[in-house]
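Heads up: the structure comes next, in structure tokens.
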Amino acid sequence: MNILVVGGAGYIGSFISRELIEKGYHVTVFDNLSLGHRAAVGRDISFVEGDLADRSALDALFRSRDFDGVMHFAAFSAVGESMVDPLAYYGNNVANTINLLRAMKEGRVNRFIFSSSAAVFGNPREVPITEDHPRDPINPYGEGKSIVERVMRDADMAYNLRYVSLRYFNAAGASPEGDMGEDHRNETHLIPLALKAILGEDAGGGTLRIFGDDYDTPDGTCIRDYIHVLDLADAHVLALEHLLKGGDSDIFNLGNGKGFSVAEVVKTAEKVAGKPVPAIKADRRAGDPPILVAGSDKIMEKLGWNPVFPQLEAIVETAWKWHASHPKGYAP
Ligand code: UDP
């Protein structure tokens, strides 16, 4: 089976590519390397450098190989940045995804796994958040993911394009061996920033800013549901198998069903590393809902997903192993 992984040189895409290889699939990664790393793509993977904005490159890619399915990770992923530059987010995360879907349609490939997000929900009306919770995004990142979910629904009705949309809560962690992990040029995510702050300037760290301590939560900081990247990878393979077996399009939330505040994450990072996180209080970050916690019963029941790293401490331990041994990420 040939699987195209778009954005397979990035954090989540590189883990999923490796998982697919381990499961016996042939993997082609298509990535423009604007944010990803060539070194994150294994030697047993075919690599094509290209951009989703380039429709002729996409057409050539689909002419060159028969793909049994497509997974798409080539998106911008920082909520705060999406508030500052919404057109970049709609351009890359919506318009370029439509380019990919059009190339799939023309290449007669009709199985698609999409990286959606908890950001489609906005400020939740109740937690844990189940799949049928209304979508009401409060930032352009979440709005873009929500638009693509609508586009996929319509493409399924019109062209039988079968899809699974996986709404990640907060992806985190690294390989337990410490050889693969998160390496964003402009890091914005909490766990890597807390660990880099411990490691100091050589690791690209500084003082961690805690964005808001006056939310309506027990300690005043935002609550999120962290999910290990390998558990995400498992969910993608299960979603692909579901479509390969002829399953219908579907949407699943993906988290551990347990929320941790920013202050609790900082405490966990300190416990794991055995050192304090240099941190200061800062203003709220625009676009942040106070609490996001997943209800993931549907994917457990329907696809048999069963997380291996449900504990925050275990997630942070793997991330620490990666950052401590790779303070410059994938750079030599
Ligand atoms: N956060 C923070 N300081 C940072 C980065 C993030 O306080 O330097 C907070 C952020 O406001 C949010 C939580 O940590 O409440 C998780 O943010 P992250 O960017 O990791 O993921 P998001 O929830 O935006 O996808």
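Counting starts at 1 for both ligands and their atoms, following the listed order. In this chain, numbering begins with 1 at the start of the sequence shown.
At a heavy-atom cutoff of 4.0 Å, ligand 1 is contacted by both the backbone and the side chain of Leu190. At a heavy-atom distance under 4.0 Å, no atom of Arg284 approaches ligand 1. Neither the backbone nor the side chain of Val265 has a heavy atom within less than 4.0 Å of ligand 1. Using a 4.0 Å cut-off between heavy atoms, His189 contacts ligand 1 through both its backbone and its side chain.
Atom 23 (O) of ligand 1 has Arg224 NE, 2.8 Å as its closest protein atom, hydrogens excluded (heavy atom only). With hydrogens left out, the protein atom closest to atom 9 (C) of ligand 1 is Val262 CG2, 3.7 Å, a heavy atom. For atom 8 (O) of ligand 1, the nearest protein heavy atom (residue, atom name, distance) is Leu193 CD1, 3.3 Å. Of the protein's non-hydrogen atoms, the one nearest atom 1 (N) of ligand 1 is Phe211 CD1, 3.6 Å. Taking atom 22 (P) of ligand 1 as the reference point, the nearest protein heavy-atom neighbour is Asn170 ND2, 3.4 Å. Here the heavy atom of the protein found nearest to atom 24 (O) of ligand 1 is Arg285 NH2, 2.8 Å. Ranking the protein heavy atoms by distance from atom 11 (O) of ligand 1 puts Asp288 OD2, 2.6 Å first.
Using a non-hydrogen distance threshold of 4.0 Å, Tyr226 registers as a contact of ligand 1.
Using bins of under 30°, 30° to 60° and over 60° for the plane-to-plane angle, the ring pair His72/Phe114 lands in the tilted bin.
Distance alone, capped at 3.5 Å, places no donor-acceptor pair between the Asn253 side chain and the Ser296 backbone. Proximity of a side-chain donor or acceptor of Lys298 to a complementary backbone N or O of Ile251 within less than 3.5 Å is detected.
Under a 4.0 Å criterion applied to the non-hydrogen atoms of Leu208, ligand 1 contributes the atoms 8 (O). Of all atoms in ligand 1, listed by their number and element, those nearer than 4.0 Å to a heavy atom of Cys222 are 15 (O). Within ligand 1, counting atoms from 1 as listed, the ones closer than 4.0 Å to a heavy atom of Ile210 are 7 (O). Within the listing of ligand 1, atoms 2 (C), 3 (N), 4 (C), 7 (O), 8 (O) sit less than 4.0 angstrom from a heavy atom of Arg209.
For atom 5 (C) of ligand 1, the candidate residues are Val79, Thr188, Leu292, Val266; the nearest heavy-atom contact is made by Thr188.
Counting only N and O atoms by type, the side chains of Ser56 and Asp54 include a donor and acceptor under 3.5 Å apart.
Under the 4.5 Å side-chain heavy-atom criterion for ILVMFWY residues, no single connected hydrophobic cluster contains both Tyr163 and Leu243.
No close placement of the His228 and Phe15 rings is indicated, their centers lying 6.0 Å or farther apart.
At least one side-chain heavy atom of Phe67 sits less than 4.5 Å from a side-chain heavy atom of Thr28.
Here the shortest heavy-atom pairing between Ser34 and Arg185 reads O-NH1, 2.8 Å.
Environment of CD in Gln311: sparse, with no more than 12 heavy atoms of neighbouring residues, nucleotides or ligands closer than 6.0 Å. Annotation: Arg38, atom CZ; neighbour count of heavy atoms from other residues, nucleotides and ligands within 6.0 Å is above 12.
A side chain to side chain contact (heavy atoms under 4.5 Å, CB included) with Arg135 is found for exactly one of Lys145, Glu143, Arg167, namely Arg167.
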